[in-house]
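Step one of this worksheet: look at the structure below.
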4 protein chains.
Amino acid sequence: MAPLNEDQLHAIRDERREQIIDAALGVFARRGPVLTKMSMIAAAAGISHGLLYHYFKSKDELFIALVREAMLGAGGGVEEMLGHPGTVIDKLRHFLHEAMSEEARLSFLLIHQARASEGVPEEAREIIKDYSMDWFASKLKPLFFEGQRTGEIAKDDADLLIAGLLTAMSGSMILHASDEKNIPLIHPDHLLRLVLAPEHVRPL
Amino acid sequence: MAPLNEDQLHAIRDERREQIIDAALGVFARRGPVLTKMSMIAAAAGISHGLLYHYFKSKDELFIALVREAMLGAGGGVEEMLGHPGTVIDKLRHFLHEAMSEEARLSFLLIHQARASEGVPEEAREIIKDYSMDWFASKLKPLFFEGQRTGEIAKDDADLLIAGLLTAMSGSMILHASDEKNIPLIHPDHLLRLVLAPEHVRPL
Amino acid sequence: MAPLNEDQLHAIRDERREQIIDAALGVFARRGPVLTKMSMIAAAAGISHGLLYHYFKSKDELFIALVREAMLGAGGGVEEMLGHPGTVIDKLRHFLHEAMSEEARLSFLLIHQARASEGVPEEAREIIKDYSMDWFASKLKPLFFEGQRTGEIAKDDADLLIAGLLTAMSGSMILHASDEKNIPLIHPDHLLRLVLAPEHVRPL
Amino acid sequence: MAPLNEDQLHAIRDERREQIIDAALGVFARRGPVLTKMSMIAAAAGISHGLLYHYFKSKDELFIALVREAMLGAGGGVEEMLGHPGTVIDKLRHFLHEAMSEEARLSFLLIHQARASEGVPEEAREIIKDYSMDWFASKLKPLFFEGQRTGEIAKDDADLLIAGLLTAMSGSMILHASDEKNIPLIHPDHLLRLVLAPEHVRPL
DNA sequence: TATGAATGAGGGTTCATTCAT
DNA sequence: TATGAATGAACCCTCATTCAT
């Protein structure tokens, strides 16, 4: 019954924080900030709602922390993709598979919620503004230009291609995550067709 | 002196109803049923919140009425498309342009909200169940088969193609409707590429 | 299409007022002032709710007018009873039959509502205070004294006898008027037993 | 440091629940379910209205809980009376004293409200249907028959006697509980006279 | 650290009352 | 006189947040 020592407390603290963040990501991503109730997060994390407030000052702060983390992941994903070996198509395919993977999807949805929902705290808006669709686009543009040079990418306006690709991807993920479970996720290789030059389109 | 006559009252009622429905469609479509406050609809319609209840018994009833109307439009749009003259591609392009047009978009979003949101009244769920994505798919499938026969449509699994097309379209519209106004709507002709046979892909 | 002349308007006005008062008595008596909605009175009177306000400035004023009228009737009933021919028992039996008759009952209930309900306008309270149970008691007391002298009435404290008789009567009428329609009205001759000397008790 | 232990929490919960039930009984019994505002109960219990909802899901549920409890008491009271020692008159007098006692009166009024008021939740209606006036009557009838055999009870129709007794009692209690505090409760022994054979009537 | 009792602001809905016609 | 559209105060209920333990 000796009191826990400093390290043990620290360990508990970190573990709890992780629990909460995991739980909150799942709920916020699917429901958006307003429809997410603190009690849902507490239940998902297996703790009392009171305890949430020891780790995060408010719902807004928790949401902001999640958005911040998700943005790092998303930004990193793009960087990582650019370093992926292979052709432009290889890079893009890799990126799409990554972004739509089970683990990344929640972060993507969260960012969508932060972007599209009502009742998002101002600070969260600021964060995603820095990594907005424009930011993605600016990162992808050189890649698209190269793809157009090599003939892999369609010759249309690169901005439109990129925006189309990203919104179609996000949109499909959003719908797939909605309650109607029988809406399938669009296949990354199908998505790719939005931007491929015709001669590179392959059957699935 | 005399009270308003039958026609005048009718005119007022119809006008108000229209005002409310227009206002409510805009708010519901963007925010979903729970985040939509009756006061927002009232403000958008330029009336007091109390007056809403002269025209609709409850928020749920209003939402249901809107969904019902939107479903009529959506269902009709598909039928109309099938009767459109021209090739399979012509029909599809026509459909996409219609569905993504300024007027149709809100209805589409509303249906999305009814499908994907929390707090949707049971009756609204029933209505869209009849015209679910499956229903759309079943209508489009013969067209896709024909397109595959004529070589206009890619030879992949028709179900996947259809689901991909529809979710990409819906998703883009959702994102575009969100508050961040600089997210562009995907171009219908780009969407079409998701399903076209390569040799039919044309630059925008 | 000539405009109505003064007299016709007056006639209409009186008729409408009567309609409203009749309708309102029925509703107020059964439901009490707060649970009575102006729309119920309007419906019962067969007019629009707006028109009510041409005849009575407010719900309170209408209720007060009804209470005033009912109190007159109730007071008159007592006076009339005292002048009724016959023995003390005859007078009392006559009074009970009158008070519990179909026509008088609504007025009685209304007074009960004014006495017992929440949300009764102050002025209505004032009116019935003037004709409160004390007033009734003071009118009945000489009669009871006489009855005790003649041996018709039990020898107990007259105040208690009177209060018991009146509350039992009112109470039975209240329950009878409630929605559960199978609660029978107590028989006036049974009520009488509450106060009769034993040797005057007769089987029903 | 440590959270409250199981027992302490339980104690608080029970105490609060009791507080609320007591407060609610007083208000519901006097005002009926519709005129009772949750804020009144909260004020009477000395807590915030929000806290009410930690203990009872809704106003209806609280009312139903009270009715259920009151019916247990009322039903039990009748059974207990039948086992009371002494003559039929002794039993009845005991019953009347019990039913009109300070503690029992509020329950009686509550049941009256559940029977007679508007806006009573369906479930509450179901509960009292089982113990309706008919149920009381059926329990009392054998006793009255016996009393008529022994000559204690008047020879009139037993159903009418019972109904008269019960409604007079209820009615008096209702009036007595109303705000005008100077309406005295009818004396149980006076009530008894409604049903006694003349030779058993005694001065108070 | 951890719990859950407690509070109160805010949103849906009803209904008395006003007012244009 | 007569109608019903229109307003807004007040009530039920939810849920973010605080706090005693």
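In what follows, every chain begins at residue 1, and chains take the letters A, B, ... in the order their sequences are listed.
- Comparing B:Ser58 and C:Ser58 against DNA chain E, the residue whose closest nucleotide sits nearer the 5' end is B:Ser58.
- Mapped onto DNA chain E by nearest heavy atom, A:Leu52 and B:Lys57 fall at different nucleotides, with A:Leu52 at the one closer to the 5' end.
- The distance between atom CZ of D:Phe63 and atom P of F:dC11, rounded to the nearest whole Å, is 19 Å.
- Each of D:Lys59 and D:His54 lies near DNA chain F, and the nucleotide nearest D:Lys59 is the one positioned closer to the 5' end.
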**Request:** Go through B:Ile174 and A:His112 one step at a time and tell me if the side chain to side chain contact (heavy atoms under 4.5 Å, CB included) criterion holds.
**Result:** CA-CA 10 Å; B:Ile174 293 160; A:His112 162 69; 4.2 Å; yes
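- Taking the side chain as every heavy atom from C-beta outward, C:Glu122 and C:Arg125 approach each other to under 4.5 Å.
- Put simply, CZ on D:Arg17 is 13 Å from P on E:dA6, counting in whole angstrom units.
- Of the side-chain N and O atoms in B:Arg13, none sit less than 4.0 angstrom from OP1 or OP2 of F:dG4.
- Of the residues near DNA chain F, D:Asp60 and C:Leu51, the one whose nearest nucleotide (by heavy atom distance) lies more toward the 5' end is C:Leu51.
- Not one side-chain nitrogen or oxygen of D:Tyr53 sits closer than 4.0 Å to the OP1 or OP2 atom of F:dT14.
- E:dA20 is paired with F:dT3 under the criterion used here, namely a Watson-Crick or G-U wobble arrangement in which both key atom distances are under 3.5 Å.
- Rounded to whole angstrom, the span from the CD atom of C:Gln19 across to the C1' atom of F:dA2 amounts to 12 Å.
- Remark: the backbone N or O of A:Pro33 is paired with a side-chain donor or acceptor of A:Lys59 at under 3.5 angstrom.
- How far CZ of C:Arg16 is from CG of C:Asp14: 11.5 Å, rounded to the nearest 0.5 Å.
- Taking atom OH of D:Tyr55 as the reference point, atom C1' of F:dC13 lies 18 Å away to the nearest angstrom.
- Distance check, rounded to the nearest 0.5 Å: CD1 of D:Ile64 to CD1 of D:Ile128 gives 11.5 Å.
- Of the side-chain N and O atoms in D:Arg16, none sit less than 4.0 angstrom from OP1 or OP2 of E:dA5.
- The pair B:Glu118-A:Arg30 does not meet the salt-bridge criterion, since no charged nitrogen lies less than 4.0 angstrom from a carboxylate oxygen.
- With rounding to whole Å, D:Asp7 atom CG is found 17 Å from F:dT21 atom P.
- Using a 4.0 Å cutoff on non-hydrogen atoms, the parts of residues 32-49 of chain B near DNA chain F are B:Ile47, B:Ser48, B:His49, ordered by number.
- Residue B:Leu9 contributes atom CG, which lies 19 Å from atom P of E:dC19 at whole-angstrom precision.
- Separating the CD atom of C:Glu15 from the C1' atom of F:dA2 is a distance of 14 Å, rounded to the nearest angstrom.
- Residue D:Thr36 holds its OG1 atom at 5.0 Å from CZ of D:Phe28, rounded to the nearest 0.5 Å.
- A straight line from CD of B:Glu61 to C1' of E:dT14 spans 15 Å, rounded to a whole angstrom.
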